[in-house]
Amino acid sequence: MKAGLHIGKTKTLTITVTNEMFAQFDGKVVHPVYSTASMVYHMEWVSRQLLIPYLEDHEEGMGAAVSVQHVAPSGLGSTINLTATVSGISTKEITTEVYVENAKGLIGKGKVKQVVLPKKLIQEKVRTTTT
């Protein structure tokens, strides 16, 4: 990884809840609110945005672990802010703490761990899992 990424660095992602983000299984909406699956996706995305500028040309980041607590609902059209803060870093991984809030307050929190690997190694791993 390139130098400069440090503990405490933050990034915020702002999204608006859409129908596609509702809690659903097999195409059927269970609850018309922001789903835990969407929250995990956005937590990974905001965490990845912290890492991208620091990847060398031959490196790529991959999700390795996510822990999440979804503590409150957020309905259609609501604005959600996800703020990721680097809480751990080494030459091969980055960990972020993520807080997820809407206008009423905290709706979720968790941690995201990404590993940094050579692109060639990732390509080889993908190739061996798909054949």
Side-chain angles (χ1 to χ4, degrees):
M1 280 193 303
K2 297 175 187 172
L5 186 59
H6 58 86
I7 291 176
K9 186 168 181 65
T10 65
K11 178 75 175 174
T12 299
L13 172 68
T14 300
I15 61 104
T16 301
V17 176
T18 64
N19 292 331
E20 294 77 22
M21 297 175 194
F22 285 171
Q24 55 187 298
F25 294 97
D26 201 23
K28 296 178 185 169
V29 173
V30 178
H31 309 290
V33 294
Y34 186 56
S35 69
T36 303
S38 293
M39 183 181 289
V40 168
Y41 172 85
H42 291 123
M43 289 172 69
E44 283 196 287
W45 179 224
V46 70
S47 296
R48 180 168 170 75
Q49 289 179 19
L50 277 167
L51 178 61
I52 289 171
Y54 300 96
L55 292 171
E56 300 283 354
D57 289 341
H58 69 280
E59 296 175 321
E60 185 54 87
M62 290 185 78
V66 176
S67 65
V68 62
Q69 293 177 316
H70 193 161
V71 298
S74 199
L76 179 65
S78 59
T79 299
I80 295 178
N81 293 304
L82 298 100
T83 301
T85 304
V86 177
S87 59
I89 189 168
S90 73
T91 57
K92 295 186 181 196
E93 68 182 49
I94 172 179
T95 303
T96 56
E97 292 187 17
V98 185
Y99 288 87
V100 186
E101 300 174 301
N102 66 12
K104 294 183 178 183
L106 185 72
I107 64 166
K109 62 183 178 177
K111 292 185 180 184
V112 176
K113 179 180 172 181
Q114 300 171 80
V115 294
V116 178
L117 299 169
K119 288 179 180 178
K120 287 183 179 182
L121 178 60
I122 294 170
Q123 291 167 355
E124 180 60 30
K125 288 181 178 283
V126 170
R127 186 171 32 259
T128 61
T129 63
T130 57
T131 55

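- Legend: salt bridge (Lys or Arg N to Asp or Glu O under 4.0 Å) pairs involving residues 37-51, not counting sequence neighbours, sorted by first then second residue: Arg48-Glu60.
- Residue Trp45 holds its CH2 atom at 12.5 Å from CG of Leu82, rounded to the nearest 0.5 Å.
- Counting all heavy atoms, side chain and backbone alike, Ala84 lies closest to Thr96 at CB-CB, 4.3 Å.
- For the salt bridge (charged side-chain N to carboxylate O under 4.0 Å, His left out) test, no residue two or more places apart in sequence or in another chain qualifies with Lys11.
- When hydrophobic clusters are built by joining Ile, Leu, Val, Met, Phe, Trp and Tyr residues whose side-chain heavy atoms come closer than 4.5 Å, directly or via intermediates, Val17 is grouped together with Val68.
- Here the side chains of Asn81 and Tyr99 are not in contact, with every heavy-atom distance at 4.5 Å or above.
- Taken together through direct or relayed side-chain contacts under 4.5 Å among Ile, Leu, Val, Met, Phe, Trp and Tyr, Met1 and Ile52 form parts of separate hydrophobic clusters.
- With sequence neighbours left out, His42 forms a ring-ring contact (aromatic ring centres under 6.0 Å, His included) with Tyr34.
- Gln123 has its side chain out of reach of Val126: every pair of non-hydrogen atoms, C-beta onward, lies at least 4.5 Å apart.
- Annotation: side-chain hydrogen bond (donor to acceptor under 3.5 Å, both in side chains) contacts involving residues 61-72, sequence neighbours excluded, comprise Thr36-His70.
- In this structure, CD1 on Ile80 lies 4.0 Å from CD1 on Ile15, to the nearest 0.5 angstrom.
- Take Glu124 and apply the salt bridge (charged side-chain N to carboxylate O under 4.0 Å, His left out) test, not counting sequence neighbours, and it matches Arg127.
- The list of salt bridge (Lys or Arg N to Asp or Glu O under 4.0 Å) pairs with a residue in residues 21-43, not counting sequence neighbours, is empty.
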Which donor-acceptor pairs under 3.5 Å do the side chains of residues 85-92 make with protein atoms, sequence neighbours left out?
from, atom 1, to, atom 2, distance (Å)
Ser87, OG, Thr95, O, 3.3
Ser90, OG, Lys92, N, 3.2
Ser90, OG, Glu93, N, 3.2

Cut-off 3.5 Å, no hydrogens considered: what does the side-chain donor-acceptor table look like for residues 100-110, sequence neighbours left out?
from, atom 1, to, atom 2, distance (Å)
Asn102, OD1, Lys104, N, 2.9
Asn102, OD1, Gly105, N, 3.2
Asn102, ND2, Ser74, OG, 3.1

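- Residues satisfying the side-chain hydrogen bond (donor to acceptor under 3.5 Å, both in side chains) test with Thr10, not counting sequence neighbours, are none.
- Clustering of Ile, Leu, Val, Met, Phe, Trp and Tyr side chains at separations under 4.5 Å leaves Val33 isolated, with no partner residue.
- Residues satisfying the side-chain hydrogen bond (donor to acceptor under 3.5 Å, both in side chains) test with Thr12, not counting sequence neighbours, are Thr83.
- Scanning all heavy atoms of the two residues, the minimum distance from Glu56 to Glu59 falls at N-OE1, 2.8 Å.
- Cluster membership for Met62 and Leu50, using ILVMFWY side-chain heavy atoms within less than 4.5 angstrom, is not shared.
- Hydrophobic clustering (ILVMFWY, side-chain heavy atoms < 4.5 Å, transitive): Met21 and Val66 are in one cluster.
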Checklist entry - Would Val30 and Phe22 count as a side chain to side chain contact (heavy atoms under 4.5 Å, CB included) if you check the C-alpha gap in whole Å, the side-chain angles of each, and the deciding distance to 0.1 Å? => result CA-CA 8 Å; Val30 178; Phe22 285 171; over 6 Å; no
Quiz: residues 112-121 side-chain donor-acceptor pairs under 3.5 angstrom, not counting sequence neighbours:
from, atom 1, to, atom 2, distance (Å)
Gln114, NE2, Ser47, O, 3.2
Lys119, NZ, Asp57, O, 3.0

Next on the checklist: Test side chain to side chain contact (heavy atoms under 4.5 Å, CB included) on Ile122 and Lys125; report intermediate values, then the result.
Outcome noted: CA-CA 5 Å; Ile122 294 170; Lys125 288 181 178 283; 5.7 Å; no
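- Taking hydrophobic clusters as Ile, Leu, Val, Met, Phe, Trp and Tyr residues chained together by side-chain heavy-atom distances below 4.5 Å, Tyr41 does not share a cluster with Leu51.
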